[in-house]
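Written out below as structure tokens is the structure these notes cover.
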Amino acid sequence: MSDKKIIAVLGATGAQGGGLVKAILEDPNSEFVPRALTRNVNSDKAKKLSDDGAEVVQVDVDDETSLMKAFEGAYGAYCVTFFWEHFSPEKEKQQIASFAKSAKEKGLQHVIWSTLEDTRNWIPLSDERMPTLMDNYKVPHFDGKGESNKYFTEAGVPTTFLLTSFYWDNLIHFGMGPKKGEDGKLSFAIPMGDKKLPGIAAEDIGKCAYGIFKSGDEFIGETIGITGEKLTGQQMAESLSKSLGKEINYAAIPFDVYRGFGFPGSDDLGNMFQFKHDFEEYFCGARSVGLSKKLNPSLQSFDDWLEKNKNKIPVE
Ligand SMILES: NC(=O)c1ccc[n+]([C@@H]2O[C@H](COP(=O)([O-])OP(=O)(O)OC[C@H]3O[C@@H](n4cnc5c(N)ncnc54)[C@H](OP(=O)(O)O)[C@@H]3O)[C@@H](O)[C@H]2O)c1
């Protein structure tokens with residue numbers, strides 16, 4: 001049996017976890033071996049991970065017994081929640097409490113928790129610049145994660161708190177690519193005014209996480225913010241224009257307009273962009289390109305990512 005240290009990876013068939021599993025498997029000299037966690041060990045994606053050399057184990061983050069089994073014998077774990085599957089910060093909080101409890105009980109030596117800010121520490125519920133959502137939150141998909149950092153701390157789990165950034169892949173998968181207006185012109189529309197948005201290639205998150213695990217206990221107890229590049233909407237539109245060979249204008253739409261788009265979560269995302277806009281200095285300052293590059297030397301810039309992905313971006 002291999003004496004490599006097992007890293008249990010939640011979301012192994014998805015963006016963040018998938019990037020980590022790949023990063024470990026692609027390193028022939030790795031001291032680690034990935035345990036890919038999935039709800040369905042028989043899916044095509046799970047089978048591919050198994051064929052590529054990962055141990056594949058069934059888990060459901062709503063089932064603590066399955067988490068305990070999934071963490072058994074592991075050295076570390078990559079923990080991530082899946083907000084957009086259910087839109088419930090309450091559910092996320094329960095799941096994260098289970099991650100921390102299971103990690104403690106199974107004696108894990110290093111957990112990376114993919115968290116985000118509890119924006120209420122900057123914008124209390126009483127602050128009327130943006131609406132309060134679901135009675136208790138400003139940015140529900142951020143706040144539940146940030147509030148739950150305490151579960152790891154209180155349980156005494158050796159944890160690195162990983163602050164991620166906006167995936168550029170949202171331009172492909174999340175309907176955020178350039179759109180044609182009534183005038184026939186293409187525009188890239190995000191409510192960021194002239195402020196910078198830290199972004200990242202989703203696959204680089206897992207690669208940075210691998211760098212954190214490889215650093216031993218250097219980042220345990222630390223909060224690490226990662227990004228590939230921080231760009232204004234205007235700069236992103238210019239890169240898109242160059243890369244796609246089409247004129248794409250930046251449309252700095254108002255927050256209220258974005259909140260009112262009416263797709264599920266548009267109010268949450270409108271508040272998120274406003275938080276990133278209004279607290280640009282903090283938000284950009286908390287995410288370092290230099291450290292991300294140190295953790296992951298192949299870190300992509302937006303132009304690098306575009307070069308690889310330009311043909312996948314739907315332009316409607
Ligand atoms: N989009 C962004 O710009 C962005 C930026 C920062 C942070 N985030 C955060 O990233 C998180 C999502 O991570 P991701 O993008 O890596 O997810 P993802 O690509 O959507 O992958 C999710 C994976 O998780 C698994 N999964 C779903 N429900 C599960 C459950 N109940 N139990 C166990 N596994 C489950 C699924 O695998 P199986 O079907 O194989 O089980 C799926 O492949 C969200 O919470 C979001 O807030 C997103």
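Atoms within each ligand, like the ligands themselves, are counted from 1 in listed order. Keep in mind that the numbers below use all heavy atoms, side chains included, and drop hydrogens, waters and symmetry copies.
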Problem set entry | Nearest-neighbour protein heavy atom for atom 32 (N) of ligand 1, which is reported as residue plus atom name and distance | Val61 N, 3.0 Å
For this session: Would you mind telling me if ligand 1 is within reach of the side chain of Lys145, the backbone, both or neither, using heavy atoms under 4.0 Å?
Result: side chain
Exercise. Tell me: protein heavy atom nearest atom 39 (O) of ligand 1, and distance?
Worked result: Arg39 NH2, 2.8 Å
For this session: Identify the protein heavy atom lying closest to atom 31 (N) of ligand 1, giving its residue, its atom name and the separation to 0.1 Å.
Result: Asp60 OD1, 3.1 Å
Exercise. Quick check: does Phe83 get an N/O under 3.5 Å from an N/O on ligand 1?
Worked result: yes
For this session: Give yes if a backbone or side-chain nitrogen or oxygen of Val80 is under 3.5 Å from a nitrogen or oxygen of ligand 1, and no if not.
Result: no
For this session: Determine whether the side chains of Ser298 and Asn296 contain a donor N or O and an acceptor N or O closer than 3.5 Å.
Result: yes
For this session: Please write down residue, atom name and distance for the protein heavy atom closest to atom 7 (C) of ligand 1.
Result: Thr164 OG1, 3.3 Å
Seminar exercise, completed: A student checking ligand 1 against Phe166 at a 4.0 Å heavy-atom cut-off should list atoms 3 (O)
For this session: Please verify whether a non-hydrogen atom of Ser165 lies at under 4.0 Å from ligand 1.
Result: yes
For this session: Look only at interatomic distance and state if Ala15 has a nitrogen or oxygen under 3.5 Å from any nitrogen or oxygen of ligand 1.
Result: yes
For this session: Check each of Thr13, Asn40, Leu67, Asp268 against atom 42 (C) of ligand 1 and report the one with the nearest heavy atom.
Result: Thr13
Problem set entry | Per-atom contacts, ligand 1 versus Asn170 - under 4.0 Å to a heavy atom | 1 (N), 2 (C), 3 (O)
Exercise. Would you call the rings of His141 and Trp84 parallel, tilted or perpendicular if under 30° counts as parallel and over 60° as perpendicular?
Worked result: tilted
Problem set entry | Element-labelled atoms of ligand 1 that are located less than 4.0 Å from some non-hydrogen atom of Gln16 | 7 (C), 8 (N), 9 (C), 10 (O), 13 (O), 16 (O)
Exercise. What are the atoms of ligand 1, with element, lying closer than 4.0 Å to any heavy atom of His141?
Worked result: 47 (O)
Exercise. Starting from atom 15 (O) of ligand 1, which protein heavy atom do you reach first, and at what distance in Å?
Worked result: Tyr167 OH, 2.7 Å
Problem set entry | Protein heavy atom at shortest distance from atom 44 (C) of ligand 1 | Thr81 O, 3.3 Å
Problem set entry | Exercise: do Gln95 and Thr81 side chains pair donor with acceptor under 3.5 Å | no
Exercise. Parallel, tilted or perpendicular for Phe142 and Phe275, by the 30°/60° rule?
Worked result: perpendicular
Seminar exercise, completed: Which of Phe174, Phe255, Phe261 passes side chain to side chain contact (heavy atoms under 4.5 Å, CB included) with Leu269? Answer is Phe174
Problem set entry | Where ligand 1 meets Gly11 - atom numbers and elements under 4.0 angstrom, heavy-atom basis | 23 (C), 24 (O)
Seminar exercise, completed: shortest atom 21 (O) of ligand 1-to-protein heavy-atom contact is with Gly14 CA, 3.3 Å
For this session: Indicate yes or no: does Asp44 engage Lys48 in a salt bridge with an N to O separation below 4.0 Å.
Result: no
Problem set entry | Heavy atom of His173, distance to ligand 1 below 4.0 Å | no
Problem set entry | Worked check of side chain to side chain contact (heavy atoms under 4.5 Å, CB included) between Ser102 and Glu64 | CA-CA 7 Å; Ser102 308; Glu64 200 169 285; 3.9 Å; yes
Seminar exercise, completed: min-distance protein heavy atom vs atom 22 (C) of ligand 1 -> Phe82 CD2, 3.4 Å
Problem set entry | Parallel, tilted or perpendicular, as decided by the 30° and 60° cut-offs, for the rings of Phe302 and Trp168 | tilted
For this session: Check whether any N or O atom of Ser43, backbone or side chain, sits under 3.5 Å from an N or O atom of ligand 1, and answer yes or no.
Result: no
Exercise. Yes or no on side chain to side chain contact (heavy atoms under 4.5 Å, CB included) for Leu133 and Lys138, after CA distance, side-chain angles and deciding distance?
Worked result: CA-CA 6 Å; Leu133 304 176; Lys138 287 299 190 187; over 6 Å; no
Exercise. Does Lys308 come within less than 4.0 Å of Glu203, counting only side-chain N to carboxylate O?
Worked result: yes
Exercise. Is it true that Asp143 and Arg120 make a salt bridge, defined as a side-chain N closer than 4.0 Å to a carboxylate O?
Worked result: yes
For this session: List the steps and the verdict of side-chain hydrogen bond (donor to acceptor under 3.5 Å, both in side chains) for Glu90 and Tyr137.
Result: CA-CA 11 Å; Glu90 306 303 326; Tyr137 304 98; 2.4 Å; yes
Problem set entry | Tyr75 with Phe219, same ILVMFWY side-chain cluster at under 4.5 Å | yes
Problem set entry | Trp84 touching ligand 1 at heavy-atom level, < 4.0 angstrom | yes
